[in-house]
There are 2 protein chains.
Amino acid sequence: MTTDTPAVQTVEWLTAEQQVHWRSFRGGAARLFAALEHELEQQTGLSTHEYEVLVRLSEAPDRTLRMAQLADNLAHSRSRLTHTIRRMEEQGLVARLPCVEDARGVNCTMTEKGWQVLVAAAPSHVQSVRDHLVDVLTPEQFAALGDAMETVRQHLTGGACHVE
Amino acid sequence: MTTDTPAVQTVEWLTAEQQVHWRSFRGGAARLFAALEHELEQQTGLSTHEYEVLVRLSEAPDRTLRMAQLADNLAHSRSRLTHTIRRMEEQGLVARLPCVEDARGVNCTMTEKGWQVLVAAAPSHVQSVRDHLVDVLTPEQFAALGDAMETVRQHLTGGACHVE
DNA sequence: CCGTGGTTGTTGAACTGTCAACCAAACTGT
DNA sequence: ACAGTTTGGTTGACAGTTCAACAACCACGG
C-alpha cells in the first residue's frame with residue numbers, strides 16, 4: 001500500500017496471474033480437504049479432526065496431552081476441543097484425567113480402543129492422501145508445496161498473532 | 001503416528017520427509033484459511049463463503065447464475081448453497097428469480113447492495129491474502145503452489161475444469 | 001496474607017453445514 | 001401419451017463450530 005495516495009484505490013491488487021494461482025490454491029485445497037474428510041468418514045467413521053486428535057495423542061509421552069497443548073497443536077479453539085473431546089470420550093476413544101501439577105489443567109489421554117481405532121484408520125487415510133495429493137504431484141512439486149506452506153504457517157504462528 | 005510404526009499393513013506409508021511436508025501443508029492451510037476468515041469477518045461482516053458467492057456472481061453475465069452452477073463453482077453442496085443464499089437474501093445481498101428456460105431452475109443474482117458490499121470488502125480481503133500468503137512467499141514459490149494445487153484440483157474434479 | 005490479573009477449561013445459546021427425504025419439472029423410451 | 005428416471009432445488013432434523021460468559025486456579029505485588 002502506498003503511503004500518501006488519496007486515490008480511490010490504495011490497495012495493491014493481485015495480478016491476473018496471482019489471482020489464477022490464488023484461486024487454484026483455494027479451490028484445490030477446499031476440494032482436497034473435503035475429499036479426505038469424506039473418505040475418512042466413510043471408511044472409518046472418524047472425522048479428520050478426531051483422527052488428528054488421536055494422531056497427536058499417539059505421539060505424545062504416555063499418549064497424553066494437556067487440553068491447551070492439544071488445542072494449540074491442532075489450531076483449534078479451546079471450546080471446540082472441549083466439545084470434540086467430550087464426544088470422543090463418550091465413544092470411549094479418549095479419557096480425561098485431572099492434572100497433578102496444575103489443578104486447573106486436564107490431561108487428555110487415548111484409550112486402548114482409541115489406539116486400535118487409529119491403527120485401523122491410518123492405512124486408508126494415508127492412501128487417500130497419496131491418491132489425491134502426494135502421488136498426483138512430482139516429488140519436487142510436493143516438496144515445494146510443503147516448504148511454502150511451512151513458511152506460511154510460521155509466519156502466521158510466529159508473527160503478530162491475532163486476538164482471541 | 002510415526003512412519004516407523006510396525007507395518008503390519010501392506011499400505012505404502014509416507015516417508016518421514018513426505019510426512020513433514022504433508023503436515024506443513026495441512027497445518028499451514030488450516031491456519032491460513034482461519035486467519036483470512038477471521039479478518040474478513042471482523043472487517044466486513046462477511047464470511048468467506050458469502051464473499052465467494054458475491055465474487056462469482058459479480059463475474060457472471062448479468063451478475064446472475066443458476067444455483068447449480070454456483071454450487072459447482074464453489075464446490076458446495078446444493079443444500080448448503082440454498083441455506084447460504086437464503087441467509088444472504090434476508091440480508092438483501094442477493095435475490096432469487098425463477099428461471100425462464102427451465103422451470104425447475106432458480107436464477108441467483110446479486111443486488112446493488114450486494115455489489116456495494118463486495119466492492120467495500122474486496123480491498124481488505126485482498127490485503128489479507130497478500131499479507132499472509134502472496135507476500136510471504138517468493139513469486140516462484142507462490143506460482144509453484146498455484147500450479148501444484150491446480151493439478152490437485154483437476155485430478156479431483158475429474159479433469160473437468162470450468163474456469164473459476 | 002489478600003487482591004488483582006492472567007490462564008485453563010467448561011458451558012449453553014446461536015449459528016452453520018450435513019444428510020436424507022422430498023417435490024416439481026424435464027428427459028427417455030415405448 | 002405416459003410411466004420411469006434424472007436433474008434442480010428446497011426443507012427439516014441433526015451434528016459440529018463459534019462466541020461470550022463463567023468458574024476454578026495460579027502467580028505476583030502490595
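Side chains included, hydrogens not; waters and symmetry mates left out as well; all remaining heavy atoms used. All values derive from a computational prediction rather than experimental measurement. Order of the sequence lines fixes the chain letters, A, B, ..., with proteins taken first and strands second; residue numbering starts at 1 for each chain.
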Colleague: Tell me which of A:Val100 and B:Arg80 sits closer to the 5' end of DNA chain D, going by the nucleotide each one is nearest to.
Modeller: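 Residue closer to the 5' terminus by nearest nucleotide: B:Arg80.
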Colleague: Would one find a side-chain N or O of B:Arg86 under 4.0 angstrom from OP1 or OP2 of C:dT16?
Modeller: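 For B:Arg86, the contact criterion (side-chain N or O under 4.0 Å from OP1 or OP2 of C:dT16) is not met.
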Colleague: Does D:dT17 have its OP1 or OP2 closer than 4.0 Å to a side-chain nitrogen or oxygen of A:His49?
Modeller: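 Yes, such a contact exists.
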Colleague: Tell me which nucleotide among C:dG9, C:dA25, D:dG8 gets nearest to the side chain of A:Met67.
Modeller: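 Nearest to the side chain of A:Met67 among the choices is C:dG9.
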Colleague: Would B:Phe33 and A:Phe25 count as a close aromatic pair, with their ring centres under 6.0 Å?
Modeller: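 So the answer is yes for these two rings.
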Colleague: Under a 3.5 Å threshold, yes or no: a donor from one side chain and an acceptor from the other, between A:Asp131 and A:Gln127?
Modeller: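 The answer is yes; a qualifying pair exists.
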Colleague: Taking the side chain from A:Thr44 and the backbone from A:Glu41, do they hold a donor-acceptor pair closer than 3.5 Å?
Modeller: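 No: the side chain of A:Thr44 does not pair with the backbone of A:Glu41.
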Colleague: From the set D:dT10, D:dC26, C:dT10, return the single nucleotide nearest to any side-chain atom of A:Thr82.
Modeller: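 For the A:Thr82 side chain, the nearest candidate turns out to be C:dT10.
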Colleague: Measure from the side-chain heavy atoms of A:Arg78 and tell me the nearest of D:dG8, D:dT17, C:dG9.
Modeller: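 That would be C:dG9.
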Colleague: I need the residues from residues 90-97 of chain A with at least one non-hydrogen atom less than 4.0 Å from DNA chain D; give them sorted by number, or say none.
Modeller: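 Per residue number, the list is empty: none.
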Colleague: Is B:Arg87 near enough to C:dT16 that one of its side-chain N or O atoms lies under 4.0 angstrom from OP1 or OP2?
Modeller: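 For B:Arg87, the contact criterion (side-chain N or O under 4.0 Å from OP1 or OP2 of C:dT16) is met.
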Colleague: DNA chain C: A:Glu41 or A:Ala68, which has the more 5' nearest nucleotide?
Modeller: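 By nearest-heavy-atom nucleotide position, the 5'-most residue is A:Ala68.
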Colleague: Which nucleotide wins on minimum distance to the side chain of A:Ser79, given the candidates C:dA25, D:dT18, D:dT11?
Modeller: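 Shortest atom-to-atom distance from the side chain points to D:dT18.
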Colleague: Return yes if a side-chain donor-acceptor contact under 3.5 Å exists between B:His132 and B:Glu39, otherwise no.
Modeller: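 A donor-acceptor contact under 3.5 Å links the two side chains.
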Colleague: Under 4.0 Å between a side-chain N/O of A:His83 and OP1 or OP2 of D:dT18, yes or no?
Modeller: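 Checking D:dT18 against A:His83, no side-chain N or O comes under 4.0 Å of OP1 or OP2.
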Colleague: Would you tabulate the pairs of protein nitrogen or oxygen atoms and nucleotide nitrogen or oxygen atoms of nucleotides 1-3 of chain C closer than 3.5 angstrom?
Modeller:
none

Colleague: Show which side-chain atoms of residues 96-106 of chain A pair as donor or acceptor with protein atoms under 3.5 Å away, not counting sequence neighbours.
Modeller:
residue	atom	partner	partner atom	Å
A:Arg96	NE	A:Glu89	OE1	3.1
A:Arg96	NH2	A:Glu89	OE1	2.9
A:Asp102	OD1	A:Arg104	N	3.0
A:Asp102	OD1	A:Arg104	NE	3.0
A:Asp102	OD2	A:Arg104	NE	3.3
A:Asp102	OD2	A:Arg104	NH2	2.7

Colleague: Respond yes when some side-chain nitrogen or oxygen of B:Arg104 is under 4.0 Å from OP1 or OP2 of D:dT7, and no when none is.
Modeller: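 False: B:Arg104 side-chain N/O out of range (4.0 Å or more) of D:dT7 OP1/OP2.
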